[in-house]
Amino acid sequence: MKLHNLNLVTMKELKDEYDAIINRAKNIGNSNMLSSYCMGAFFIAIYHLNNNIEQNYEIFKDGLKSNKIFKKALGDADSYLSEKKLVKRKEWEKKSHLKMHENDWVVNVLTNGDNYTLGYDYLECGICKLCKDEGCFEIAKYLCKLDFILADIMGMDLKRTSTIADGGEYCDFRYSKKY
């Protein structure tokens with residue numbers, strides 16, 4: 001795998017580094033955010049092998065945007081913002097506040113605000129915790145930027161004024177459908 005001509009990294013090196021991070025990572029149980037945690041571990045693995053954060057972000061972003069299977073798996077705004085999912089989201093909120101797993105997220109789920117359909121206030125962030133554990137907290141804010149890419153892929157607008165990665169007390173996500 002060639003990373004924009006700066007550093008030649010083999011897939012085996014990347015896999016080995018990812019596996020090492022996952023094996024060191026604190027358990028988050030059967031979290032709703034497991035895929036985000038794994039994506040964070042992969043980004044950290046790339047960073048450990050090529051510490052050009054900006055370059056790694058661009059590679060990761062381009063990969064997400066061009067992956068048709070990933071886009072299909074994410075779904076669209078109508079699916080993500082469906083009121084049918086609210087009951088399970090509220091159950092997730094309650095469970096998250098029990099703090100059963102040290103590196104899991106803690107979230108408040110918000111619905112139908114003045115300027116959004118679905119909102120989250122993340123009081124604790126598993127990605128920030130994993131980055132801190134791996135000694136690279138400075139890259140967490142790049143993973144936060146990917147949230148806007150994911151929202152765009154699904155046809156949603158994301159508004160956010162604060163993230164834990166940038167020193168905020170919490171991360172505020174406010175989603176609405178693009179028109």
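Heads up: numbering here begins at 1 and tracks the sequence. Reckoned from all heavy atoms, side chains included, excluding hydrogens, waters and symmetry mates.
Salt bridge annotation for Lys12-Asp16: present, with a cationic side-chain nitrogen under 4.0 angstrom from a carboxylate oxygen. Comment: Arg160 engages Asp147 in a salt bridge, judged by a side-chain N to carboxylate O separation of less than 4.0 angstrom. A salt bridge links Lys26 with Asp133: the closest approach of a Lys/Arg side-chain nitrogen to an acidic carboxylate oxygen falls below 4.0 angstrom. The pair Glu91-Lys88 does not count as a salt bridge, with every side-chain nitrogen at least 4.0 angstrom from each carboxylate oxygen.
A donor-acceptor pair shorter than 3.5 Å cannot be found between the side chains of Asn27 and Glu102. For the 3.5 Å distance criterion, the side chains of Asn52 and Tyr47 fail to qualify, holding no donor opposite an acceptor. Residues Glu58 and Tyr142 bring no donor and acceptor atom of their side chains to less than 3.5 Å of each other. Remark: the Asp172 side chain and the Ser162 side chain contain no N/O donor-acceptor pair separated by less than 3.5 Å.
Shown are Asp76, Thr117, Asp78; of these, the side-chain contact (heavy atoms from CB on, under 4.5 Å) with Lys177 is made only by Asp78. Evaluated for a side-chain contact (heavy atoms from CB on, under 4.5 Å) with Val106, the options Lys95, Glu93, Glu124 yield exactly one hit, Glu124.
Note that CG of Asn23 and OH of Tyr18 are 10.0 Å apart. Values are rounded to the nearest 0.5 Å. Of the inter-residue distances, the one linking Tyr57 atom OH with Ile139 atom CD1 reads 13.0 Å to the nearest 0.5 angstrom. Here the CG-CG distance, from Leu74 to Asn67, works out to 9.0 Å after rounding to the nearest 0.5 Å. If you take CG on Asn50 and CG on Asn56, they are separated by 4.5 Å, rounding to the nearest 0.5 Å. In this structure, CD1 in Ile164 is found 5.5 Å from SG in Cys128, a value given to the nearest 0.5 Å. If you take NE2 on His48 and CD on Glu134, they are separated by 5.0 Å, rounding to the nearest 0.5 Å.
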Walk me through whether Tyr116 and Tyr175 qualify under side-chain contact (heavy atoms from CB on, under 4.5 Å).
CA-CA 5 Å; Tyr116 64 90; Tyr175 291 106; 5.9 Å; no

Salt bridge (charged side-chain N to carboxylate O under 4.0 Å, His left out) evaluation trace for Arg174 with Asp121
CA-CA 9 Å; Arg174 303 298 184 264; Asp121 284 343; 3.0 Å; yes

From CA spacing to verdict: side-chain contact (heavy atoms from CB on, under 4.5 Å), Ser176, Asn115:
CA-CA 8 Å; Ser176 58; Asn115 298 314; over 6 Å; no

What verdict does the side-chain contact (heavy atoms from CB on, under 4.5 Å) test give for His97 and Leu123, after you've listed the backbone C-alpha separation in whole Å, the side-chain angles of each residue and the deciding distance to 0.1 Å?
CA-CA 9 Å; His97 283 266; Leu123 309 174; 3.7 Å; yes

From CA spacing to verdict: side-chain contact (heavy atoms from CB on, under 4.5 Å), Cys144, Asp166:
CA-CA 9 Å; Cys144 295; Asp166 279 323; over 6 Å; no

After noting the C-alpha distance and the side-chain angles of Asp104 and Lys99, does the key distance pass the salt bridge (charged side-chain N to carboxylate O under 4.0 Å, His left out) rule?
CA-CA 7 Å; Asp104 204 356; Lys99 299 183 182 188; over 6 Å; no

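Contact annotation: the side chain of Leu150 approaches that of Phe70 to within less than 4.5 Å [non-hydrogen atoms, C-beta and beyond]. Two residues are said to be in side-chain contact when any heavy atoms from C-beta on lie closer than 4.5 Å; Ser36 and Trp105 meet this criterion. Under the 4.5 Å side-chain criterion, counting only non-hydrogen atoms from C-beta, Ile46 is not in contact with Ile59. When side chains are defined from C-beta on, Leu143 counts as touching Cys131, because their heavy atoms get closer than 4.5 Å. The shortest side-chain heavy-atom distance between Asn108 and Tyr120 does not fall under the 4.5 Å cut-off. Between Leu118 and Leu110, the closest side-chain pair of non-hydrogen atoms is not below 4.5 Å.
In this structure, the ring of Phe173 has its center less than 6.0 angstrom from the ring center of Tyr122.
Minimum heavy-atom separation, Ala25 to Leu130: CB-CD1, 3.8 Å.
Counting non-hydrogen atoms of other residues, nucleotides and ligands closer than 6.0 Å to NZ of Lys85 gives a total above 12. Other residues, nucleotides and ligands place more than 12 heavy atoms under 6.0 Å from the NZ atom of Lys90. No more than 12 heavy atoms of other residues, nucleotides or ligands shown are found within 6.0 angstrom of NZ on Lys141. Heavy atoms of other residues, nucleotides or ligands lying less than 6.0 angstrom from CG of Asn30 number 12 at most. More than 12 heavy-atom neighbours from other residues, nucleotides or ligands sit within 6.0 angstrom of CG on Leu98. Heavy atoms from other residues, nucleotides or ligands lying under 6.0 Å from NZ of Lys178 number more than 12.
Note on Leu146 and Val107: same hydrophobic cluster, where clusters join Ile, Leu, Val, Met, Phe, Trp and Tyr whose side-chain heavy atoms are under 4.5 Å apart, directly or indirectly. The hydrophobic clustering, which links ILVMFWY residues whose side-chain heavy atoms are closer than 4.5 Å, places Phe137 and Met33 apart.
The aromatic rings of Phe60 and Phe42 sit tilted relative to each other, their planes meeting at an angle between 30° and 60°.
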